[in-house]
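Positions are given from 1 along the sequence.
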Amino acid sequence: MKKLTLEKAQELLEFLKGKAANGDITMSQENYLQALELALTLLDAQEEAEQFGSAFILCRASEAPHKLSPDKVRLVWPRSAQETL
């Protein structure tokens, strides 16, 4: 089994979007289209992580996941009331 690449996912996504625009898409293909849209975000972040050492994807309720720039991400954990320095 070959690994899905960013380029192949983009190619498949454009093909299925074309079919959907023409109204010539099956329910199975529509599900595959939705999965490819998510995979594209992940594959793009994975490629960035391989190139720069890290990548981040933000997932929020009722929103599609999207990639964030590692230069603009700040990770903060709240301190618990029992934590002492």
Which heavy atom of [X] sits nearest a heavy atom of [Y], and at what distance?
{"X": "Leu4", "Y": "Ala39", "result": "CD2-CB, 4.3 Å"}
{"X": "Lys67", "Y": "Asp44", "result": "CE-OD2, 3.0 Å"}
{"X": "Ala45", "Y": "Ala55", "result": "O-CB, 3.1 Å"}

Check for me, please, whether [X] and [Y] land in the same ILVMFWY cluster - side-chain distances under 4.5 Å, paths through other members count.
{"X": "Leu16", "Y": "Leu42", "value": "no"}
{"X": "Leu13", "Y": "Tyr32", "value": "yes"}
{"X": "Leu40", "Y": "Leu38", "value": "no"}

Interatomic distance, [X] atom [atom1] to [Y] atom [atom2] [nearest 0.5 angstrom]:
{"X": "Phe56", "Y": "Glu48", "atom1": "CZ", "atom2": "CD", "result": "9.5 Å"}
{"X": "Leu43", "Y": "Leu36", "atom1": "CG", "atom2": "CG", "result": "9.0 Å"}
{"X": "Glu14", "Y": "Leu33", "atom1": "CD", "atom2": "CG", "result": "9.5 Å"}
{"X": "Gln29", "Y": "Phe15", "atom1": "CD", "atom2": "CZ", "result": "6.5 Å"}

Donor-acceptor under 3.5 Å (Asn22 side chain, Gly18 main chain):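 Side chain of Asn22 to backbone of Gly18, a donor-acceptor pair under 3.5 Å: yes, one is there.
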side-chain contact (heavy atoms from CB on, under 4.5 Å) involving Ser28 - partner list, sequence neighbours excluded: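 With sequence neighbours excluded, Ser28 shows a side-chain contact (heavy atoms from CB on, under 4.5 Å) to Thr26, given in chain and number order.
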Pairs involving residues 1-13, ordered by first then second residue, that meet side chain to side chain donor-acceptor pair (under 3.5 Å) (sequence neighbours left out):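 Residue pairs passing side chain to side chain donor-acceptor pair (under 3.5 Å), neighbours aside: Lys8-Glu11.
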Gln34: side chain to side chain donor-acceptor pair (under 3.5 Å) partners, not counting sequence neighbours: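 Applying side chain to side chain donor-acceptor pair (under 3.5 Å) to Gln34 gives Glu30.
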Beyond-backbone contact of Gln51 with Gln46, side-chain heavy atoms, under 4.5 angstrom: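 They are not in side-chain contact.
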